[in-house]
Amino acid sequence: MTANDLYTTAHLFVAAVRVLDYRDGAPPAIESVCRLLDYSEEKGSYLLNRFKEQGIVDTVKSGFNDRIVVGNHLAIEDLPRDTEESRLEQELKKFKKGKDVMKEKVASIKAQQDQKKQSLFAEIEKKLKQKMEKK
């Protein structure tokens with residue numbers, strides 16, 4: 001499963017929480033969920049916060065760290081099922097588009113410079129021919 005949409009990720013996250021809860025007999029910490037899903041802790045924390053906002057999962061304070069419990073798992077169905085484009089990807093596209101525009105401007109300026117050089121050389125050549133004809 002290579003889908004990168006929030007809907008699929010939420011199902012995967014909740015399933016990992018349930019599996020770890022069953023296996024260990026206690027609600028898991030974010031580190032355990034990240035290890036199981038092969039996510040970085042930053043990505044796991046980001047997803048945890050997103051899903052907490054939606055009420056999908058919740059955290060329980062523990063002596064050492066917070067533990068994750070499943071909240072309203074039906075809220076997953078309200079999430080978009082299409083691939084979500086992050087702000088970073090949007091900014092990258094915007095940057096690349098701006099870079100392409102800049103390349104076009106540079107190419108246009110170079111073409112104008114070449115045209116000016118050709119017309120200048122043609123004018124100089126014409127003057128030289130006129131001088132040669134006079135002599």
Side-chain angles (χ1 to χ4, degrees):
M1 181 184 315
T2 59
N4 224 4
D5 61 339
L6 195 58
Y7 175 81
T8 305
T9 304
H11 273 293
L12 192 60
F13 194 88
V14 169
V17 169
R18 286 183 172 157
V19 166
L20 289 168
D21 188 13
Y22 174 77
R23 187 183 73 185
D24 300 337
I30 187 66
E31 295 84 15
S32 301
V33 174
C34 291
R35 225 181 356 264
L36 181 64
L37 297 176
D38 198 26
Y39 287 165
S40 67
E41 288 194 27
E42 293 82 12
K43 182 177 181 176
S45 296
Y46 168 75
L47 291 171
L48 175 63
N49 291 331
R50 284 262 333 242
F51 299 148
K52 275 176 63 174
E53 289 173 3
Q54 301 287 325
I56 297 169
V57 295
D58 200 7
T59 54
V60 176
K61 300 285 183 199
S62 169
F64 297 107
N65 54 9
D66 294 347
R67 300 297 183 146
I68 304 169
V69 294
V70 177
N72 180 12
H73 67 277
L74 297 176
I76 295 174
E77 299 304 319
D78 297 333
L79 296 174
R81 293 178 188 227
D82 54 346
T83 302
E84 188 177 87
E85 188 174 34
S86 70
R87 283 184 277 171
L88 178 63
E89 291 170 339
Q90 291 172 352
E91 290 297 320
L92 275 173
K93 284 183 180 179
K94 185 177 172 184
F95 175 75
K96 286 179 182 177
K97 194 179 291 186
K99 192 175 176 182
D100 291 341
V101 168
M102 186 61 76
K103 281 183 182 178
E104 290 174 6
K105 284 183 180 180
V106 168
S108 170
I109 290 171
K110 282 185 179 181
Q112 288 176 354
Q113 292 287 338
D114 290 342
Q115 184 65 32
K116 284 182 182 179
K117 281 183 185 178
Q118 286 179 353
S119 63
L120 182 64
F121 285 135
E123 188 177 320
I124 290 173
E125 187 177 350
K126 185 178 177 182
K127 286 183 180 179
L128 284 174
K129 283 183 181 179
Q130 286 176 355
K131 283 187 180 181
M132 293 292 277
E133 288 175 2
K134 287 182 181 178
K135 290 185 179 182

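Note that the numbering runs from 1 along the sequence shown for the chain. Quick caveat: nothing in here was measured; it's all calculated off a predicted structure.
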Next item on the list: Output all residues satisfying ring-ring contact (aromatic ring centres under 6.0 Å, His included) with Tyr7, sequence neighbours left out; order by chain, then residue number.
Entry: His11
Check: Members other than Phe64 in its cluster, when Ile, Leu, Val, Met, Phe, Trp, Tyr link by side-chain heavy atoms under 4.5 Å?
Finding: none
N/O donor to acceptor pairs below 3.5 angstrom from side-chain atoms of residues 19-28, sequence neighbours left out:
none

Item checked: Contacts of Glu42 that satisfy salt bridge (charged side-chain N to carboxylate O under 4.0 Å, His left out) - sequence neighbours left out -> none
Next item on the list: Would you list the pairs meeting ring pair (Phe, Tyr, Trp, His ring centres under 6.0 Å) in which at least one residue belongs to residues 101-135, sequence neighbours left out?
Entry: none
Notebook entry, point to check: Can you name the side chain to side chain contact (heavy atoms under 4.5 Å, CB included) partners of Ala15, sequence neighbours left out?
Noted result: none
Next item on the list: Sequence neighbours left out, what passes side-chain hydrogen bond (donor to acceptor under 3.5 Å, both in side chains) with Lys43? Give chain and number order.
Entry: none
Note to self: Quick test of your reading: applying salt bridge (Lys or Arg N to Asp or Glu O under 4.0 Å), list the pairs with at least one residue in residues 118-128, sequence neighbours left out, ordered by first then second residue.
What the structure shows: Glu123-Lys127, Glu125-Lys129
Check: Quick one: side chain to side chain contact (heavy atoms under 4.5 Å, CB included) partners of Ile124, sequence neighbours excluded?
Finding: Leu120, Leu128
Next item on the list: Nearest 0.5 Å please: distance from the CG atom of Leu47 over to the CG atom of Leu12.
Entry: 9.5 Å
For residues 95-105, please give each side-chain donor-acceptor pair under 3.5 Å, one per line with the distance, not counting sequence neighbours.
none

Checklist line | Cluster overlap Val69 with Val57, hydrophobic side-chain contacts below 4.5 Å | finding: no
Report, one line per pair, each donor and acceptor closer than 3.5 Å where one atom sits in a side chain of residues 29-37; sequence neighbours left out.
| from | atom 1 | to | atom 2 | distance (Å) |
| --- | --- | --- | --- | --- |
| Glu31 | OE1 | Asn65 | ND2 | 3.4 |

Checklist line | Where at least one partner belongs to residues 55-78, residue pairs that pass salt bridge (Lys or Arg N to Asp or Glu O under 4.0 Å), sequence neighbours excluded | finding: Lys61-Asp66, Glu77-Arg81
Margin query: Please evaluate residues Ile68 and Phe51 with respect to the criterion side-chain contact (heavy atoms from CB on, under 4.5 Å), reporting the C-alpha separation (whole Å), side-chain torsions for both, the decisive distance (0.1 Å), and the verdict.
Written below: CA-CA 11 Å; Ile68 304 169; Phe51 299 148; over 6 Å; no
Notebook entry, point to check: Got a second to check how far Arg50's CZ is from Thr9's OG1, nearest 0.5 Å?
Noted result: 9.5 Å
